[in-house]
Amino acid sequence: MSCSCLELVDPKEVKLDAVLSAYQGKKGVLVPVLQEAQEIYGYLSQEVMEKISRTLRILPAEVYGVATFYSQFRLKPMGKHIIQICLGTACHVRGGAKVLEAIEEKLRIKDGETTSDGRFSLEIVACIGACGLAPVVSIDGDVHGRLIPERVGQILENYV
Ligand code: FES
């Protein structure tokens, strides 16, 4: 005899189901639903978009179209560590672009990409509020300031 209590429940799926039932039957909900789904999963997989489409009765092409139109949505999983390099005015003036080049060369990824081993994702951002420390890179929320390209490799080694 099988016991349903042993079935594994995916807590993320439970959360998504709750979001979908809260929005079901309402109009103009696609963007907030996609935002909440991304918050739950970290990105919007094909499977999640299909479920949203089915449940809310929105054409798959429309769901995919909105998810790809807005830059806030990610269609691939993020890496274990998120590198945010600031190219706001202060950081740009103080050599942020050179630091970015050093990161891109070291990790062989560009803005919005993730390394093939899933260790790092790279994002260019505008001002993170630490202009006095420009140029600045934030990794998983740790701010590294007054960076020079030569220090990039050593800093990244601390994130395994
Ligand atoms: S411009 Fe880079 S932290 Fe403000």
Side-chain angles (χ1 to χ4, degrees), residues 10-16 18-20 22-23 26 28-49 51-53 56 58 61-160:
D10 176 1
K12 290 182 179 177
E13 201 167 348
V14 171
K15 278 191 194 168
L16 180 63
V19 168
L20 290 172
Y23 284 103
K26 296 180 183 162
V29 298
L30 186 51
V31 169
V33 167
L34 290 173
Q35 284 168 334
E36 293 201 36
Q38 179 165 282
E39 227 167 84
I40 295 167
Y41 288 93
Y43 75 108
L44 299 170
S45 66
Q46 195 69 36
E47 200 185 4
V48 164
M49 287 191 284
K51 182 166 184 167
I52 291 171
S53 158
L56 299 183
I58 299 172
E62 192 183 338
V63 175
Y64 186 76
V66 169
T68 50
F69 179 78
Y70 292 103
S71 60
Q72 63 174 300
F73 295 123
R74 287 181 228 107
L75 304 190
K76 289 187 188 154
M78 295 295 276
K80 184 175 173 195
H81 303 292
I82 315 291
I83 303 172
Q84 293 184 310
I85 168 130
C86 177
L87 288 188
T89 307
C91 290
H92 186 70
V93 167
R94 296 200 194 154
K98 291 276 174 215
V99 175
L100 172 62
E101 260 175 41
I103 296 172
E104 287 175 339
E105 257 172 44
K106 176 91 187 152
L107 299 180
R108 296 173 194 275
I109 52 172
K110 300 265 182 208
D111 177 35
E113 294 180 349
T114 298
T115 53
S116 53
D117 62 359
R119 188 169 153 212
F120 291 106
S121 290
L122 177 63
E123 283 181 346
I124 295 175
V125 296
C127 193
I128 58 170
C131 311
L133 298 174
V136 162
V137 163
S138 159
I139 306 179
D140 300 341
D142 304 334
V143 174
H144 301 272
R146 302 206 173 92
L147 266 183
I148 52 171
E150 292 74 19
R151 277 185 53 218
V152 163
Q154 183 199 341
I155 290 171
L156 293 179
E157 273 164 29
N158 293 325
Y159 295 86
V160 285

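FYI, the numbering just counts along the sequence from 1. Remember, predicted model here, so these are calculated numbers, not experimental data. Each ligand, and each atom within it, is numbered from 1 in the order the structure gives.
K80 contributes a side-chain N or O that, together with a main-chain N or O of V160, makes up a donor-acceptor pair within less than 3.5 Å. Remark: the backbone N or O of R74 is paired with a side-chain donor or acceptor of Q38 at under 3.5 angstrom. In this structure a side-chain-to-backbone donor-acceptor pair under 3.5 Å is missing from R94 to L147.
Ordered by chain and number, C127 SG, C131 SG make up the set of protein N, O or S atoms under 2.8 Å of atom 4 (Fe) of ligand 1.
Between V63 and L44 there is no side-chain heavy-atom pair separated by less than 4.5 Å.
The line from CD1 of I83 to CD1 of I155 is 10.0 Å long, rounded to the nearest 0.5 Å.
Taking the six-membered ring where tryptophan is involved, the planes of Y159 and F120 are perpendicular, since the angle between them exceeds 60° and thus also 30°.
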